[in-house]
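Right, one structure below, let's go through it.
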Amino acid sequence: MSLQLFLTLPTLPFSSSLNIPKYPYCRRRLSLHHHIKPISASTNNFPNPSDDDPPEAPEDTAHGVSKFQQIKRQAARARKLEEDDFAANQSVYLDAIRDVEDAPDDPQDDDARGYATSDGLFADIDKAISLKRKEFVKKGLLQPNPPKTQQNLDVVVLDELDADEVVDLEEIEELRGLKVVDVDEHEEEDEVGKKLDAFDFNKDASFDYAHDIDSFGNSKVRIIEPKFRMTLAELLDDCKVVPISVYGNLEVEITGIEHDSRMVNAGDLFVCCVGSKTDGHLFLSEADKRGAVAVVASKEIDFGETLGCKGLVLVEDTNAALPALAAAFYRWPTRDMSVIGVTGTHGKTTTGYLIKGMYEAMGLRTGLMTSVAYYLHGDNKLDSPESSPDGVLVQKLMAKMLHNGAEAVVMEASSNELALGLCEEVDFDIAVFTNSTRDHSGFEGSEEEYKVAQGKLFSRMVDPDRHRKIVNIDDVNAPFFINQGNPDVPVFTFALDNKNADVHPLKYELSLFETTVLVNTPQGILEISSGLLGKHNIYNILAAVAVGIAVGAPLEDIVRGIEEVDAVPGRCELIDEEQAFGVIVDHARTPNALSRLLDSVRELNPRRIITVIGSSGEQERGKRPLLTKIATDKSDVTMLTSDNPKNEDPLDILDDMLAGIGWTMQDYLKHGENDYYPPLSNGHRLFLHDIRRVAVRCAVAMGEEGDMVVVAGKGHEAYQIEGDKREFFDDREECREALQYVDELHQAGIDTSEFPWRYGFLVLVACIPSLVPVILVLLFFATTIDVSKIYIYISLWFALQVT
């Protein structure tokens with residue numbers, strides 16, 4: 001039920017809407033009277049008894065219920081449905097009008113609220129909202145919010161607005177002052193037509209009517225920040241942590257939990273966690289200065305004299321106690337939501353996005369926690385930390401999702417998070433295993449330890465009525481995960497090759513722009529068309545379908561939810577500007593990840609693969625030659641460039657990368673003297689540029705119909721670190737801008753498929769789009785001007801642009 005209908009439920013004018021004519025047979029009697037024929041000798045004068053029978057009454061299709069009663073019953077049913085909907089979603093409706101001012105005491109005083117000066121439709125809506133809010137205030141559901149005086153209102157608004165917004169406000173006031181002028185030639189038209197014709201829609205081009213209409217109703221929901229507080233004694237009772245000893249006042253009130261002394265606020269409980277590099281016990285004084293009122297530690301400390309904290313709790317292991325303390329403080333939020341955990345080496349993020357889309361299609365508000373982004377529910381994105389979430393942040397985000405209406409959460413559970421116990425107090429309902437490979441550079445441990453860490457998620461699947469296991473049985477480690485936890489918990493399997501899986505494809509088609517798969521499930525066959533490219537994404541789709549089957553989701557919701565996920569940020573993300581070739585951006589930055597990505601792209605059967613790849617500075621120098629070797633072996637054209645060089649010279653990084661093909665920077669520059677770079681031994685081409693923006697745009701400019709341009713390394717990251725500077729840089733935006741500029745060059749008939757191009761100055765266009773008109777003019781006169789002279793003109797123009 002929409003908010004407008006809820007606020008403006010109409011009353012039915014029963015007495016005036018039913019116009020039942022009186023004496024329905026009177027007209028017929030008169031007509032009979034006027035058609036009496038004169039009696040003559042040739043006429044049969046015998047009377048017909050049937051002429052005196054009364055007319056037959058019409059059939060009673062309403063079964064004795066009058067039209068009035070029918071409408072009354074329909075209105076009562078509609079009102080009952082609306083009342084039930086309001087009772088079920090009362091908090092949502094109340095939050096929507098919580099900040100609205102109450103209606104004035106005098107209902108006729110419209111000027112007090114500005115109704116008289118507003119447009120008719122919106123003024124009526126504002127008035128109805130205010131009146132409805134006043135009813136809620138009388139019922140005690142909302143606090144009074146009396147209207148401000150006009151003078152105070154102006155002061156408050158101007159204090160909250162920026163300079164640009166003040167200008168916009170003045171323009172809005174001018175628009176409100178427009179008067180409707182009656183035009184002579186439209187005097188015969190209706191009043192609505194006069195008002196529309198009187199407005200000059202071209203008078204002020206800055207007023208974008210289309211934008212206002214498109215953006216109407218798309219404003220994001222107001223995010224509620226839940227507040228929690230409890231005493232230290234209550235916290236210890238709820239979390240079931242058994243302390244070794246307790247000192248001080250246990251009745252001190254706790255308003256937050258932190259284990260990072262830099263993030264401590266007044267009233268917080270500081271937990272001294274011990275890490276591989278730091279020890280929280282060393283930062284007790286800093287936490288104390290920032291206002292910590294209690295401390296949880298695992299070492300003896302001088303509590304009374306040096307610290308101003310009011311309570312101290314000694315436990316055996318602070319790292320193990322932190323998740324339990326956080327979950328208890330935030331009231332165990334995952335117990336009131338359905339939580340889906342996804343673990344594995346690859347595909348966790350994409351699978352999480354697909355499951356979220358499917359749950360949203362089922363009508364469930366679903367949150368998301370992945371390494372790419374956090375979502376409250378729907379499109380409401382939250383700020384995500386750059387590092388993995390800790391035990392406190394996990395519970396805090398879950399509590400925020402719950403208090404803002406989330407009914408389910410999809411969480412990416414990495415091996416590190418599971419091994420460190422950060423997910424220990426998350427009440428998972430469904431466990432999903434994607435795959436397990438050796439490409440897990442972020443995990444410190446053996447292969448067996450890596451598998452055991454992932455298996456912790458499945459070991460918590462113990463309730464056959466509530467828990468479900470989703471396993472990829474194409475993976476050799478599938479039996480290990482199936483056997484974790486209670487063997488009676490239902491297991492739903494998926495696979496691409498194993499046709500014995502519950503969910504598997506009957507057939508699939510891969511292309512540069514779309515993936516189509518026909519999926520067989522225990523509930524029926526699904527046809528799914530997805531914008532997620534590559535064979536590896538079929539596995540992710542199958543995993544999401546298996547989750548849907550496990551929870552009994554309608555098949556149409558499964559298909560709709562998966563198809564609505566057009567792209568996952570930085571995960572083989574397709575950049576579509578309606579070009580004739582494909583462009584994808586992916587976060588692959590390790591040799592194994594890059595190899596898997598290029599193998600997946602090759603399965604799309606492109607004409608050429610053009611790859612852009614770099615290597616981060618100040619770390620993992622040994623991987624640089626491997627990245628070049630893999631890229632040049634599996635790509636037709638490779639463009640080496642920089643990727644967060646930090647304090648390392650980008651040319652030194654490129655020199656290390658060239659070692660992968662047995663070259664040095666001197667060898668590459670020697671070829672550049674003749675503006676010719678010979679093919680490699682396998683026939684593929686290699687170029688480099690230390691400016692990433694130039695490299696990306698050059699690669700995009702080289703794309704032709706049927707090609708696939710792969711920009712790897714950054715993915716969803718939107719920054720470039722050079723030295724101590726961290727500047728905005730997004731591969732996806734660079735690709736989009738390059739596609740727009742290159743399209744103009746292609747329309748002008750310029751061939752950009754080879755690099756360095758025959759007209760080498762085109763590389764400058766990648767960085768300076770304003771060169772396009774100059775190039776077009778020069779090419780127009782190319783028949784009379786020596787082409788070599790164009791370099792001089794472009795160099796001069798380039799110097800002018802830079803200066």
Side-chain angles (χ1 to χ4, degrees), residues 230-248 250 252 254 256-264 268-288 292-303 306-307 309-335 341 343 387-398 411 413-428 442-446 448-450 452-457 459-460:
M230 64 175 60
T231 65
L232 182 57
E234 292 172 340
L235 179 60
L236 293 176
D237 288 340
D238 290 345
C239 72
K240 307 302 181 184
V241 171
V242 180
I244 297 176
S245 58
V246 179
Y247 304 93
L250 291 183
V252 61
I254 306 298
I257 294 182
E258 284 295 343
H259 67 96
D260 187 341
S261 60
R262 297 166 297 180
M263 305 298 293
V264 170
D268 284 355
L269 169 68
F270 179 62
V271 183
C272 303
C273 293
V274 180
S276 58
K277 298 180 179 180
T278 60
D279 186 345
H281 296 83
L282 301 177
F283 302 96
L284 269 174
S285 58
E286 182 181 355
D288 182 57
V293 295
V295 175
V296 176
S298 58
K299 299 178 182 179
E300 292 288 345
I301 59 176
D302 190 358
F303 171 66
T306 60
L307 296 178
C309 300
K310 299 178 181 180
L312 171 63
V313 179
L314 289 180
V315 297
E316 184 175 351
D317 186 352
T318 51
N319 292 1
L322 180 64
L325 289 168
F329 179 78
Y330 290 108
R331 311 291 185 183
W332 308 96
T334 56
R335 293 179 179 178
T343 191
S387 58
S388 299
D390 53 64
V392 175
L393 183 58
V394 168
Q395 298 295 335
K396 184 176 182 180
L397 289 174
M398 293 286 191
M411 181 179 179
S414 69
S415 55
N416 276 326
E417 293 170 354
L418 291 167
L420 296 174
L422 303 182
C423 305
E424 199 64 33
E425 299 301 333
V426 177
D427 190 7
F428 290 102
F443 183 81
E444 298 180 0
S446 65
E448 186 64 24
E449 291 173 335
Y450 180 69
V452 170
Q454 293 176 331
K456 286 186 176 182
L457 176 63
S459 65
R460 301 168 66 177

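Tested against Val313 for a side chain to side chain contact (heavy atoms under 4.5 Å, CB included), the candidates Val271, Val296, Leu235, Val295 yield a single pass: Val296.
Under the side chain to side chain contact (heavy atoms under 4.5 Å, CB included) criterion, Ala327 pairs with Trp332, Gln395, Glu425, sequence neighbours left out. Scored by the side-chain hydrogen bond (donor to acceptor under 3.5 Å, both in side chains) test, Asp390 finds His259 as partners (sequence neighbours excluded). With sequence neighbours excluded, the residues forming a side chain to side chain contact (heavy atoms under 4.5 Å, CB included) with Thr231 are Ala233, Glu234, Glu251, listed by chain and number. Taking the side chain to side chain contact (heavy atoms under 4.5 Å, CB included) definition, one finds that Ser459 meets it with Lys456, Gln484, sequence neighbours left out. Not counting sequence neighbours, the partners of Tyr330 by the ring-ring contact (aromatic ring centres under 6.0 Å, His included) test are Phe228. Not counting sequence neighbours, Asp237 has no partner by the salt bridge (charged side-chain N to carboxylate O under 4.0 Å, His left out) test. For Asp260, the salt bridge (charged side-chain N to carboxylate O under 4.0 Å, His left out) partners two or more places apart in sequence, or in a different chain, are Arg262. Listed by chain and residue number, Glu417, Leu420 satisfy the side chain to side chain contact (heavy atoms under 4.5 Å, CB included) test with Leu422 (two or more places apart in sequence, or in another chain). Partners of Asp279 by side-chain hydrogen bond (donor to acceptor under 3.5 Å, both in side chains), not counting sequence neighbours, listed by chain and number: His281, Lys299.
The heavy-atom pair separating Ala326 from Gly391 by the smallest distance is CB-O, 3.9 Å. Ala297 and Leu312 make their closest contact through CB-CD1, 4.4 Å (heavy atoms, listed as atom of the first residue, atom of the second, distance). Here the closest heavy-atom approach between residue Ala324 and residue Cys239 is recorded as O-CB, 3.4 Å. Here the closest non-hydrogen pair linking Ile254 and Phe329 is O-CE1, 3.6 Å. Across all their heavy atoms, Cys423 and Leu418 have their closest contact at CB-CD2, 4.2 Å. Residues Leu232 and Gly311 approach most closely at CD2-CA, 4.4 Å, considering heavy atoms.
Panel note: side chain Ser261, backbone Ala287; no donor-acceptor pair is recorded below 3.5 Å. Counting only distance, with no hydrogens or angles, the side chain of Thr343 and the backbone of Ala413 share a donor-acceptor pair below 3.5 Å. At least one donor-acceptor pair under 3.5 Å links the side chain of Thr318 to the backbone N or O of Cys272.
The environment of CD in Glu286 is crowded: more than 12 heavy-atom neighbours from other residues, nucleotides or ligands sit within 6.0 Å.
Rounding to the nearest 0.5 Å gives a distance of 11.0 Å between CG of Leu457 and OG of Ser414. For the atom pair CG of Leu250 and CG of Leu236, the computed distance is 6.5 Å after rounding to the nearest 0.5 Å. Put simply, NZ on Lys240 and CG on Leu325 are 13.0 Å apart, with the number rounded to the nearest 0.5 Å.
For residues 317-335, no residue pair satisfies the salt bridge (charged side-chain N to carboxylate O under 4.0 Å, His left out) rule, not counting sequence neighbours.
Using a 4.5 Å cut-off on side-chain heavy atoms (C-beta onward), Tyr247 and Leu314 make contact.
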